[in-house]
2 protein chains.
Amino acid sequence: MTDATAHDRAAPLDPGMFHPLCPSSAVPFRVGDKWSGMVIRCLQDGPRRFGELRVPLRAVTPKVLSETLRAMERDGLVTRTAYDENPPRVEYALTPLGRTLIPLLDAARTWSETHLPALLAARRAAGRPA
Amino acid sequence: MTDATAHDRAAPLDPGMFHPLCPSSAVPFRVGDKWSGMVIRCLQDGPRRFGELRVPLRAVTPKVLSETLRAMERDGLVTRTAYDENPPRVEYALTPLGRTLIPLLDAARTWSETHLPALLAARRAAGRPA
DNA sequence: AGCGCCGATTCCGTTGCGGTAACCGGGGGT
DNA sequence: ACCCCCGGTTACCGCAACGGAATCGGCGCT
């Protein structure tokens, strides 16, 4: 069964990595579309298939994921490779240009770990001056 | 006339700094709302008045600027100080928390200077495969 | 024949950001 | 009396993003 082919598939994606309650949902940064940043995270350890991306991004519908990937492909951030097999297999991978965004995402994450609690606290304090 | 009071007002804002044709309009990053990043840039050298912010951000209407500033105030990124004078004067300034975002903006700008041309080129190449 | 897999695409509806235009209020100038 | 200044607010609107549900197409399995 283990069709471990030549694809240097990285570890399976953690289904919980982009849980809707994850603070990253509230982060005041965005790279491109709403999901682009998460897609980059999913691809940073190697190519992934469409259905594979849907696991951790289960909040995204196939339509939106498809749109996101197409836009990223247009911008030269990812490559799309379709294998003429059955069932069809399509792999997405980061381009070198796409990889240059990873440090930005790291910086955003670091900022969030450090300062997001303060921001959320301020928002809560201001939200209910009652 | 020079009512140079104790306000350590920085150099006047460059009216052209956020020209609509500026590449920053196409940058695939955003900090908070559409205008938040630019507001931070305007405030990084010292407090500014509402009307003063409108100069370089002449593309933004008072409503949206007001909304942006209010949201940033809620999030603890800027402070709002109203002086009971005539004509009314209101000053906005970055909080320490707001200042922590400046390195992020710097990183985004650096990325853009380095890689944005490649992204735009890819987009152009893909946009017209005719 | 019928079902399922994978990778989408199409139609349709909602939401909300962002934009336009108009107005307000109070003092001061002329 | 009128208008201007400043710093907004309010009402209205359009568009693009986002989302849900359904469908497609080729193939293999049963």
Side-chain angles (χ1 to χ4, degrees), chain A residues 1 3 5 7 9 13 18 20 24-26 28-39 42-43 47-75 78-93, chain B residues 1 3 5 7 9 13 18 20 24-26 28-39 42-43 47-75 78-93:
Chain A
M1 283 304 182
D3 71 327
T5 61
H7 317 299
R9 177 76 57 241
L13 292 171
F18 292 126
S24 69
S25 310
F29 315 108
R30 274 178 58 187
V31 175
D33 293 340
K34 180 177 183 182
W35 303 98
S36 302
M38 302 187 196
V39 168
C42 289
L43 294 178
R48 298 284 183 184
R49 316 179 41 167
F50 188 88
E52 210 170 0
L53 291 171
R54 297 195 59 189
V55 175
L57 301 174
R58 62 200 177 296
V60 71
T61 65
K63 177 200 143 194
V64 176
L65 180 55
S66 174
E67 286 171 353
T68 299
L69 289 168
R70 213 183 303 279
M72 294 177 74
E73 190 190 4
R74 272 209 339 268
D75 287 350
V78 301
T79 56
R80 194 189 107 110
T81 311
Y83 298 88
D84 200 4
E85 304 172 354
N86 185 283
R89 185 163 63 91
V90 181
E91 283 198 340
Y92 296 90
Chain B
M1 286 305 178
D3 69 329
T5 60
H7 319 298
R9 176 76 56 241
L13 292 170
F18 291 125
S24 68
S25 310
F29 316 108
R30 275 178 57 187
V31 176
D33 293 342
K34 179 177 182 181
W35 302 100
S36 303
M38 303 188 196
V39 168
C42 289
L43 294 178
R48 299 286 183 182
R49 314 178 43 164
F50 188 88
E52 209 169 359
L53 292 171
R54 297 194 60 188
V55 175
L57 301 174
R58 63 201 176 297
V60 71
T61 64
K63 176 200 139 191
V64 176
L65 180 54
S66 173
E67 286 172 352
T68 300
L69 289 168
R70 214 184 301 279
M72 294 177 74
E73 191 190 3
R74 271 208 341 267
D75 287 351
V78 301
T79 56
R80 193 189 108 110
T81 312
Y83 297 89
D84 200 3
E85 303 171 355
N86 187 284
R89 185 164 62 90
V90 181
E91 284 198 339
Y92 296 89

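Just so it is clear: chains get the letters A, B, ... in the order the sequence lines come, proteins before strands, and each one is counted from 1.
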(request) Only counting residues at least two apart or in another chain, list the ones meeting side chain to side chain contact (heavy atoms under 4.5 Å, CB included) with Pro28(A). (result) Trp111(A), Leu116(A), Leu119(A)

(message) Reading DNA chain D from 5' onward, which residue's closest nucleotide shows up sooner: Glu67(B) or Asn86(A)?
(response) Glu67(B)

(request) Go through dA8(C), dG19(D), dC5(D) for me and flag the one nearest to the Thr61(A) side chain. (result) dG19(D)

(request) Any chance you could measure Leu53(A), atom CG, to Glu91(A), atom CD, to the nearest 0.5 Å? (result) 10.0 Å

(message) Using 0.5 Å steps for rounding, measure from the CD atom of Glu52(B) to the CZ atom of Arg89(B).
(response) 10.5 Å

(message) Tell me the interatomic distance from Tyr92(A), atom OH, to dG7(C), atom C1', rounded to whole angstroms.
(response) 8 Å

(request) Mind calculating the distance between CG (Leu65(A)) and P (dG7(C)) to the nearest angstrom? (result) 10 Å

(request) Could you grab the distance from atom CG of Leu65(A) to atom OH of Tyr92(A), nearest 0.5 Å is fine? (result) 7.5 Å

(request) To the nearest Å, give me how far apart CZ (Arg49(B)) and P (dC6(D)) are. (result) 7 Å

(message) Given dG7(D), dT9(D), dG7(C), identify the nucleotide with an atom nearest to the side chain of Ser66(B).
(response) dT9(D)

(request) Quickly work out the Arg48(A) CZ to dG7(C) P distance and round it to whole Å. (result) 13 Å

(request) Would you mind reading off the distance between Glu85(B) atom CD and dG8(D) atom P, rounded to a whole angstrom? (result) 13 Å

(request) Would you mind telling me which of dC5(C), dG19(D), dC17(C) lies closest to the side-chain atoms of Trp35(A)? (result) dG19(D)

(request) Give one of base, sugar-phosphate or nothing for Arg54(B), where a contact means two heavy atoms less than 4.0 Å apart. (result) nothing

(message) Tell me the interatomic distance from Leu53(A), atom CG, to dA8(C), atom P, rounded to whole angstroms.
(response) 10 Å

(request) Could you work out which one of dG19(C), dG7(C), dG8(D) sits closest to the side chain of Val90(A)? (result) dG7(C)

(message) I want to verify a distance call: between dG19(C), dG7(D), dC17(C), whose nearest atom is closest to the Arg30(B) side chain?
(response) dC17(C)

(request) Figure out the CG/C1' separation between Asp84(B) and dG26(C), and round it to whole Å. (result) 11 Å

(request) Starting at atom NZ of Lys34(B), determine the distance to atom P of dG16(C), rounded to an integer number of angstrom. (result) 19 Å

(message) Does Lys63(A) contact dG19(D) through a side-chain donor or acceptor facing the base, at a distance under 3.5 Å?
(response) yes

(message) Can you identify which nucleotide, out of dA8(C), dC18(D), dG8(D), has its nearest atom closest to the Pro62(B) side chain?
(response) dG8(D)

(message) Once rounded to the nearest 0.5 Å, what's the spacing between atom NZ of Lys63(B) and atom OG1 of Thr68(B)?
(response) 10.0 Å

